[in-house]
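Step one of this worksheet: look at the structure below.
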Amino acid sequence: MSQTEKLLRELIALPSVNPAFLPEGDPHGGEQRMVDFLAATAAQAGLDIELQPVLPGRPNLLARLSPREKTRCRIVLAPHLDTVNAADNLFTPRKKNGRLFGRGASDTKGCVAAMMTALCELARQPSRPAQTEILFAGLVDEENGQAGSRALAGSRLLADLAIVGEPTCLQAVTAHKGDLWMIMRTRGLSAHGSRPELGRNAVHAMARVVDLLETKYAAQLRRRRHPLLGHPTINVGSIRGGTQANIVPDSCEILVDRRTLPGETEAGVEREIHSFLRKHRLDVTFDRGRLAPCEPMETNPKLPFVHQFLSTIGQRKPAGVNYFCDASVLSRGGIPSIVFGPGDIAQGHTADEWIELDSLERGKNMLLNFLKSLP
Ligand SMILES: [Zn+2]
């Protein structure tokens with residue numbers, strides 16, 4: 001069994017479910033077990049360990065490999081440590097037909113194992129980079145509010161490149177979409193169900209809003225194109241309104257997910273939807289569905305270290321992905337970021353999550369080759 005597989009098995013057996021998805025005090029909650037285990041692993045390889053406080057009992061793990069000479073460059077390896085929830089049997093790693101099953105196998109403990117193993121191997125070789133510091137940053141809370149990457153970005157860390165770990169099928173990703181959640185409400189006037197003409201039906205008004213968003217507005221979005229990301233999308237994910245059959249409902253609420261392209265801002269999108277609905281004579285109020293913004297990310301593939309990464313892994317053109325991740329946050333904090341990792345996002349969050357062990361090992365080797373190529 002390879003070191004990477006061995007580490008991944010150990011990580012799967014250490015539940016690190018984001019506490020936001022669990023009842024308070026649930027034993028599977030929090031990243032601390034992962035942090036402790038990885039800190040011990042990294043310390044054994046001679047890395048310097050630091051815990052960066054983020055949330056109570058949920059620090060980021062920083063493990064540093066210093067260069068032989070003075071530090072002139074810095075590369076950050078930044079996978080997240082938390083996962084979504086799972087049935088109990090997913091916390092026991094299980095191997096079948098070259099695949100390792102378990103919560104986080106793809107999203108994102110596979111990346112954690114590949115990055116940590118590559119870094120530890122490099123640390124044990126005599127030929128570590130002369131002038132480049134490599135910082136492994138295991139980040140907490142990506143699956144919910146991204147408190148970990150927001151704390152790292154807020155610490156004013158300077159770096160030339162962050163490789164954010166997500167299962168990209170070993171593709172270097174230089175752009176991803178942003179994700180705006182909106183709560184929209186229609187107001188009506190309640191009346192007795194036998195005299196609907198005396199009221200104003202908020203559910204009916206919302207039905208027209210939903211229809212227009214899912215048809216005309218969605219069609220408008222399909223006409224926009226980004227070379228790596230295609231078009232923006234909209235999804236009405238939830239609807240709630242009224243109380244019972246014999247009352248004209250006076251309010252209705254929907255939750256809307258709008259995936260944004262680089263160049264689109266949250267305020268701009270809200271204005272656009274507002275004026276779209278006004279044009280159709282629909283009166284809707286808006287609230288943000290999230291505390292912190294989740295903006296799109298785009299990194300110039302011609303930046304020297306991005307270019308070097310692409311050529312080391314033998315990829316001619318950069319790729320894009322639809323999902324939001326920590327790369328956006330780090331990028332906005334001033335660290336040019338790309339996304340890379342073994343595994344497939346299609347397996348993330350599923351009831352039988354797995355990773356191809358061959359992809360895991362290849363990912364570790366690609367990372368190690370890149371780290372070895374650094375000045
Ligand atoms: Zn992830």
Side-chain angles (χ1 to χ4, degrees), residues 4 7-8 11-12 14-22 28-31 34-35 38 54-55 58 60-61 76-86 90-91 100-116 136-153 162-179 181 229 257 259 290 292 294-297 319-331 337-356 359-360 363-364 367:
T4 329
L7 179 57
L8 178 54
L11 297 179
I12 288 172
L14 297 170
S16 59
V17 178
N18 194 305
F21 311 134
L22 292 173
H28 288 161
E31 299 88 348
M34 285 266 283
V35 168
L38 288 166
V54 180
L55 297 164
R58 303 177 64 194
N60 284 338
L61 168 67
V76 185
L77 304 175
H80 62 88
L81 305 179
D82 59 322
T83 68
V84 293
N85 199 5
L90 268 193
F91 299 110
L100 190 66
F101 289 76
R103 174 56 81 227
S106 263
D107 188 6
T108 280
K109 294 185 176 185
C111 299
V112 173
M115 287 174 165
M116 181 55 86
F136 174 95
L139 303 173
V140 298
D141 193 41
E142 191 271 347
E143 298 285 2
N144 186 45
Q146 302 83 42
S149 57
R150 292 180 203 279
L152 186 66
I163 304 175
V164 171
E166 290 290 346
T168 66
C169 300
L170 301 176
Q171 292 266 302
V173 164
T174 58
H176 72 65
K177 285 181 182 170
D179 188 4
W181 285 4
L229 299 173
D257 176 305
R259 302 291 160 137
R290 277 198 171 120
C294 296
E295 294 181 278
M297 189 245 358
V321 291
N322 291 330
Y323 53 85
F324 173 84
C325 70
D326 280 331
S328 158
V329 179
L330 298 184
S331 193
S337 300
I338 61 172
V339 191
F340 174 82
D344 191 337
I345 196 73
Q347 266 77 57
H349 304 196
T350 61
D352 70 336
E353 183 172 354
W354 51 267
I355 191 167
E356 208 73 70
S359 151
L360 180 72
K364 187 271 286 175
L367 288 160

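Atoms within each ligand, like the ligands themselves, are counted from 1 in listed order.
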If every non-hydrogen atom of [X] is compared with every non-hydrogen atom of [Y], which pair is closest and at what distance?
{"X": "Trp354", "Y": "Ser106", "result": "O-OG, 3.0 Å"}
{"X": "Val339", "Y": "Cys325", "result": "CG2-SG, 3.8 Å"}
{"X": "Ala175", "Y": "Leu229", "result": "O-CD2, 3.5 Å"}

Metal proximity, Glu166 vs the Zn ion (ligand 1), N/O/S cut-off 2.8 Å: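 Yes, within the cut-off.
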Is Asp107 close enough that one of its N/O/S atoms sits under 2.8 Å from the Zn ion (ligand 1)?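 Yes.
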Which atom name would you report as the N, O or S atom of His80 nearest the Zn ion (ligand 1)?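 His80's closest N, O or S atom to the Zn ion (ligand 1) is named NE2.
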Side chains of Phe324 and Met297, heavy atoms from C-beta outward: is any pair under 4.5 Å?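 Side chain of Phe324 against side chain of Met297, heavy atoms only: no contact under 4.5 Å found.
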